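Per chain, numbering begins at 1; letters A, B, ... match sequence-line order. Only this structure's heavy atoms are used, side chains among them; waters, hydrogens and symmetry mates stay out. Computed from a predicted model, the values in this text were never measured in an experiment.
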Amino acid sequence: MEETSELMRIRLAKAEAMRAAGQNPFANDFRVSHTLEDVRLSADATAPDMNSIDEGAVRYRVAGRVLAVNDMGKAAFVRLRDRSSTEANPVFQVYLKKDLLGEDAYDQFKAQVDQGDIVGAVGPVFRTRRGELSILVERFQLLTKAYRPLPDKWHGLTDKETRFRQRYADLIMGLDVREVFRIRAKIVSFIRRFLEDRGYMEVETPMLQAVAGGAAARPFETWHNALGIPLYLRIAPELYLKRLVVGGLERVYELNRNFRNEGMSQKHNPEFTMLEFYQAYATYEDLIALTQVMLSELCVAVHGRDTTEYAGHTISFAAPFARYTVREALTTIAGIDESQTGTLDGLRAAAAERGVHVDPKASYAKTLVFLFEELCEKKLLQPTFITRYPAEISPLSRKSDEDPEWVDRFELFIAGNEVANAFSELNDPVDQKARFEDQVAARAAGDDEAHPIDHDYIRALEYGMPPTAGQGIGIDRIAMLLTGRDSIREVIFFPHMRPEQFQSGTADGAPDSGTSGPTDDQG
RNA sequence: GGGCCGAUAGCUCAGUCGGUAGAGCAACGGACUUUUAAUCCGUGGGUCGACGGUUCGACUCCGUCUCGGCUCACCA
């Protein structure tokens, strides 16, 4: 019988008492005229003291969640929070006086309202003796009874598991959390505007794909009953976006979710948000220029300046960003002799000298990139473009005109993380088919992340794709960077976690409701 | 997957070298008509993550498990 806490039972009883008195504890007949911040902005300079309120003063109709109540018997301050609340102004207080509100209404307020409830209040503004802007309440209404009590008003929610599982409670209490997601929303809308201003069209391509291509990752697999076939959640939209470029759309972008069935960490969530954009008649060099402008303007849009603080470092988005080839990075950043970076034996020797274990079966291309990731990546704090990747590990990239062993590709690193990957697109269908076949061979040899062949994509290229450059940017990582968060879970509303085990019959009785938990023999 | 750490009231935490637990906030009753984490007096609230073992006795010790955090590995 302890399924419902004492605190909740008391609140349920208060709602029942309201119903018995003909009142609705979940009313929806209150209209708001101003957010709490609107009130502050429109009245702050002019608010009179309580005894000087003009008869005809503006009446504000506000609503919000009750964060705290200071009850002084025949008067009370109620502190409200709404969508306009910020860390600078976390609550706005309204003042209830028994003589003004009326005895019945005031007694109802005291009998009905708890912290956490959502209420509406109407009245003129005034300034208290201590100088705080407040509303003198002439009408007060409980709009939504909260059955569950709020977390500690001083400490808020701190347990990360609870914060992520009950993001709603986290957002009620944590104005800094709201701010993170406001910045994230701003990032997304800025990028959309930025690309649309340059003639890009936003498109949506399949998330359920018969061939999960466009990247090297393990996909989630599902089953389509009607067609009787397996389908995969996309690991990237790349191949579909390029089909649209073949179709003549020339500048397209998609900003949406990808899914990868791989490990979770502070930097990886099974579903994550990726921007991909493609521009015909452009090269990866054009995208380098575009990316510098996009990111520095984005940073200014978010912070008002082109720098951001991350993990104790000031990251500057002032163009031009640093730029190295993979080999140059190994020389300049890891201190490997240039002569060693040109051969597999040289790379192996350099790795051995530094105590880095490399796969003895790995090719020159794989070893080169592996060593870059091991020795250089984490050191790239300021935005840095790394170019000239090996063709072998870039099956969708255009080979360099000067040297077909390399491709016209860059990755962008900031604060030690890869945030973008871009290249001039391979648009020769014969070459693309050959590269796919190499990948098929690699898969047969045990590389389960080798790219699967996509025959329809080859057919699309056979119609002719204009010379094109394309880029992917990890939006979650950009959001981490611009909000100073060290975990991807802090910038995703509902990060994936193992499902909670609920006891059957949670809130109110319903004894034989749940029990649907599989009673399996531990896996 | 490995290592380390954690799980005690609604929330934030303390605690018991083994004798079934405390504080603050929240709640409940009372006082208080300008408070600012309001204040003052009083009260209730816990299967101490789960299961097993040792023991006269386990919240505490041991084992297993669950969930989470950090970290390493993996992962463009």
Which whole number of Å gives the distance between the P atom of B:rG22 and that of B:rC17? 15 Å
Value in whole Å for how far the C1' atom of B:rC74 lies from CZ of A:Arg218: 9 Å
Identity of whatever pairs with B:rG1 - Watson-Crick or G-U, under 3.5 angstrom: B:rC72
Name the closest nucleotide to the A:Glu262 side chain, picking from B:rA76, B:rU12, B:rC75. B:rC75
Using only modelled atom types and a 3.5 angstrom limit, is any donor from either the side chain of A:Ser134 or the base of B:rU34 paired with an acceptor on the other? no
If you check every side-chain atom of A:Asp114, which of B:rC70, B:rA37, B:rA27 has the closest atom? B:rA27
Spacing of the P atoms in B:rU16 and B:rC72 (rounded, Å): 33 Å
Could you check whether A:Glu373 gets within reach of a base, just the sugar-phosphate, or nothing at all, counting any heavy atom under 4.0 Å? nothing
Atom CG of A:Asn421 and atom C1' of B:rC75: how far apart are they, to the nearest Å? 15 Å
A:Lys14 side chain: which of B:rG68, B:rA27, B:rU12 is closest? B:rA27
By the 4.0 Å heavy-atom rule, please label A:Met173 as base, sugar-phosphate, or nothing. nothing
Tell me the interatomic distance from A:Arg11, atom CZ, to B:rC11, atom P, rounded to whole angstroms. 13 Å
Could you check which of B:rU36, B:rA76, B:rC25 has an atom nearest any side-chain atom of A:Asn70? B:rU36
Of the options B:rG10, B:rG68, B:rG45, whose atoms approach the side-chain atoms of A:Arg165 most closely? B:rG68
Nucleotide opposite B:rA37 in a Watson-Crick or G-U pair, distances under 3.5 Å: none
By nearest-nucleotide position on RNA chain B, the 5'-leaning member of A:Lys153 and A:Leu100 is A:Leu100
Using atom C1' in both nucleotides, what's the gap between B:rG49 and B:rU8 to the nearest angstrom? 10 Å
Once you apply a heavy-atom cut-off of 4.0 Å, does A:Ile10 come out as touching a base, just sugar-phosphate, or nothing? sugar-phosphate
What's the gap between B:rA14 and B:rC75 when it is taken at their P atoms, as a whole Å value? 39 Å
Check the orientation of A:Phe126 and A:Tyr95. Use parallel for under 30°, tilted for 30 to 60°, and perpendicular for over 60°. tilted
Is A:Arg409 side chain donor-acceptor paired with the B:rA76 base, going by distance under 3.5 Å alone? yes
Side-chain atoms of A:Phe77 come closest, of B:rU33, B:rA37, B:rU35, to B:rU35
Name the pairing partner of B:rU64, where a pair is Watson-Crick or G-U wobble with both distances under 3.5 Å, or state none. B:rA50
In whole Å, I'd like the distance from the NZ atom of A:Lys378 to the P atom of B:rA76. 14 Å
For the residue pair A:Tyr364 and A:Trp406, categorise the inter-ring angle as parallel (less than 30°), tilted (30 to 60°) or perpendicular (more than 60°). perpendicular
No-H, no-angle donor-acceptor pair, A:Asp152 side chain to B:rG10 base, under 3.5 Å: no
For B:rG44, which nucleotide is its Watson-Crick or G-U wobble mate, given both distances must be under 3.5 Å? none
With side chain to side chain contact (heavy atoms under 4.5 Å, CB included) as the test, pick out the partner of A:Phe277 among A:Leu241, A:Leu290, A:Leu255. A:Leu290
What's the shortest heavy-atom distance between A:Ala63 and A:Leu143, and which atoms? CB-CD1, 4.1 Å
Span that lies between the C1' atom of B:rA27 and that of B:rG15, in whole angstrom: 24 Å
Consider only side-chain N and O atoms of A:Ser397 and A:Arg409, and report whether a donor and an acceptor are under 3.5 Å apart. no
I'd like to know if A:Asp170 pairs up with A:Arg167 as an ion pair, taking the criterion as any Lys NZ or Arg NE/NH1/NH2 lying under 4.0 Å from an Asp or Glu carboxylate oxygen. yes
Between the base of B:rU12 and the side chain of A:Thr158, is there a donor and acceptor pair under 3.5 angstrom? no
P atoms of B:rA73 and B:rU39, separation to the nearest Å: 50 Å
A:Glu161 side chain, from C-beta outward: closest of B:rC67, B:rG69, B:rA76: B:rC67
Spacing of A:Arg9 atom CZ relative to B:rA9 atom C1', expressed in whole Å: 13 Å
Check the distance between B:rU39's P and A:Asp71's CG and give it to me in whole angstrom. 13 Å
Please pick, from B:rU35, B:rC13, B:rA76, the nucleotide with the shortest atom-to-atom distance to any side-chain atom of A:Arg130. B:rU35
Roughly, in whole Å, what's the span from CD in A:Glu374 to P in B:rC72? 12 Å
Side chain of A:His268, base of B:rC75: donor and acceptor closer than 3.5 Å? yes
Quick one: is A:Arg148 getting a side-chain N or O under 4.0 Å of the B:rG10 phosphate, OP1 or OP2? no
Counting side-chain heavy atoms from CB outward, which of B:rU36, B:rC11, B:rC28 is closest to A:Pro151? B:rC11
Considering only the P atoms, how many Å lie between B:rG63 and B:rU20, rounded to the nearest integer? 25 Å
With respect to the side chain of A:Lys110, which nucleotide from B:rU36, B:rG69, B:rC32 is positioned closest? B:rC32
Considering just the side-chain nitrogens and oxygens of A:Arg489, establish if one lies under 4.0 Å of OP1 or OP2 belonging to B:rC70. yes
Could you tell me if the ring centre of A:Phe413 sits under 6.0 Å from that of A:Phe372? yes
For the pair A:Tyr60 (side chain) and A:Ala121 (backbone), establish whether a donor and an acceptor sit closer than 3.5 Å, ignoring hydrogens and angles. no
Does A:Gln115 or A:Lys98 map to a spot on RNA chain B nearer the 5' end, using the closest nucleotide for each? A:Gln115
In whole angstrom, give me the gap between the P atoms of B:rG52 and B:rC11. 26 Å
Minimal heavy-atom distance between A:Val491 and A:Thr483, with the atoms involved, is CG1-OG1, 3.7 Å
Whole-Å distance, A:Trp154 CH2 to B:rG24 P, equals 17 Å
May I ask which nucleotide in the shown strands pairs with B:rG19, Watson-Crick or G-U wobble, both distances under 3.5 Å? B:rC56
